[in-house]
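Numbers for residues simply follow the sequence, beginning at 1.
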Amino acid sequence: MAYLAFAEPGMAGYARVEAVRRLTLVEDRPSLSELERSVIALARRDGPSSLRAPGVLSRLLEWVFGIKASTQLADPKLEALRRIAVLSWRRGYSVPSAEVRAFIASGYSPAEYELVVDGIAAAREAEAHRRA
């Protein structure tokens with residue numbers, strides 16, 4: 001029967017290092033909050049036009065009627081997430097590098113970017129399979 005003798009020199013250190021390694025692997029996994037996941041889901045309905053600045057007509061409607069039809073979010077970090085999500089829903093992995101840089105500059109990590117884009121790609125693929 002094989003066993004690890006933790007009383008032998010060096011084995012206790014091995015167990016300690018292995019436990020720390022397992023904990024850091026779990027902590028290094030990127031995750032998104034419930035609010036961030038809802039922003040990604042809402043971005044599914046936004047079109048590429050929601051990424052542009054308001055045009056003349058929408059500014060005129062706002063001036064005349066007081067109607068503001070902006071889909072931009074007030075929180076800059078969540079707005080960066082929404083922009084990446086809109087582009088990913090529409091273009092897949094073809095997201096402009098400037099948008100990726102802005103996303104990372106807003107406080108997200110590259111691993112979180114991959115999590116968002118891969119999750120949207122999986123959802124797009126599942127949606128395509130449902131239609132077929």
Side-chain angles (χ1 to χ4, degrees):
M1 178 195 266
Y3 67 95
L4 292 175
F6 293 112
E8 293 177 11
M11 294 309 288
Y14 170 78
R16 204 170 31 252
V17 167
E18 185 64 22
V20 168
R21 185 185 70 81
R22 285 186 188 145
L23 285 175
T24 56
L25 285 177
V26 170
E27 291 174 5
D28 287 345
R29 291 186 192 143
S31 63
L32 298 171
S33 69
E34 190 68 32
L35 175 61
E36 291 168 327
R37 286 192 298 269
S38 65
V39 166
I40 293 170
L42 290 173
R44 174 70 180 103
R45 297 177 191 256
D46 290 346
S49 63
S50 70
L51 303 177
R52 291 189 290 270
V56 175
L57 181 61
S58 59
R59 285 184 294 182
L60 180 65
L61 287 173
E62 181 181 349
W63 182 72
V64 172
F65 298 108
I67 299 171
K68 185 167 177 128
S70 177
T71 57
Q72 293 183 349
L73 301 175
D75 183 4
K77 187 173 180 180
L78 290 177
E79 176 59 20
L81 174 64
R82 186 190 74 83
R83 292 180 69 84
I84 286 293
V86 168
L87 290 168
S88 296
W89 280 116
R90 301 295 176 199
R91 299 181 180 179
Y93 289 102
S94 300
V95 177
S97 59
E99 290 291 341
V100 176
R101 283 193 300 272
F103 180 75
I104 292 172
S106 72
Y108 288 102
S109 69
E112 289 170 318
Y113 168 73
E114 290 178 9
L115 177 68
V116 170
V117 176
D118 290 344
I120 290 173
R124 289 177 69 197
E125 186 176 324
E127 186 177 292
H129 284 295
R130 280 193 298 262
R131 280 193 231 141

Original post:
Looking only at heavy atoms, what is the nearest atom pair of Ser31 and Glu112, with distance?
Top reply: O-OE2, 3.7 Å

Subject >> Distance in Å, Ile40 CD1 paired with Leu115 CG, rounded so as to fall on 0.5 Å steps >> reply: 7.0 Å

Original post:
side chain to side chain donor-acceptor pair (under 3.5 Å) with Tyr108: which residues, sequence neighbours excluded?
Top reply: Glu36

Subject >> Nearest heavy-atom neighbours spanning Ala102 and Ala80 >> reply: O-CB, 4.4 Å

Subject >> Nearest non-hydrogen partners of Phe103 and Val116, listed with the distance >> reply: CZ-CG2, 4.5 Å

Subject >> Spacing of Leu78 atom CG and Ser33 atom OG [to the nearest 0.5 Å] >> reply: 7.5 Å

Subject >> Heavy-atom closest contact (Val117 atom, Ser88 atom, distance) >> reply: CG2-OG, 3.6 Å

Subject >> Minimum-distance pair of heavy atoms, taken over all atoms of Ala123 and Trp89 >> reply: CB-CH2, 3.6 Å

Subject >> Arg124: partners by side chain to side chain donor-acceptor pair (under 3.5 Å), with sequence neighbours left out >> reply: none

**OP:** Go through Leu60 and Trp63 one step at a time and tell me if the side-chain contact (heavy atoms from CB on, under 4.5 Å) criterion holds.
**Re:** CA-CA 5 Å; Leu60 180 65; Trp63 182 72; 4.1 Å; yes

Just distance, no hydrogens or angles: give the donor-acceptor pairs under 3.5 Å from side chains in residues 125-132, sequence neighbours left out.
residue, atom, partner, partner atom, Å
Glu127, OE1, Arg44, NH2, 3.4
Glu127, OE2, Arg44, NH2, 2.8
Glu127, OE2, Arg131, NH2, 2.4

**OP:** Any salt bridge (Lys or Arg N to Asp or Glu O under 4.0 Å) involving residues 91-100? Give me the pairs, sequence neighbours left out, ordered by first then second residue.
**Re:** Arg83-Glu99

**OP:** Please identify each residue that fulfils side chain to side chain donor-acceptor pair (under 3.5 Å) with Asp118, with sequence neighbours left out.
**Re:** Tyr93

Could you tabulate the donor-acceptor pairs under 3.5 Å formed by side-chain atoms of residues 45-57, not counting sequence neighbours?
residue, atom, partner, partner atom, Å
Asp46, OD2, Arg82, NH1, 3.0
Ser50, OG, Gly47, O, 2.7
Ser50, OG, Arg82, NH1, 3.1

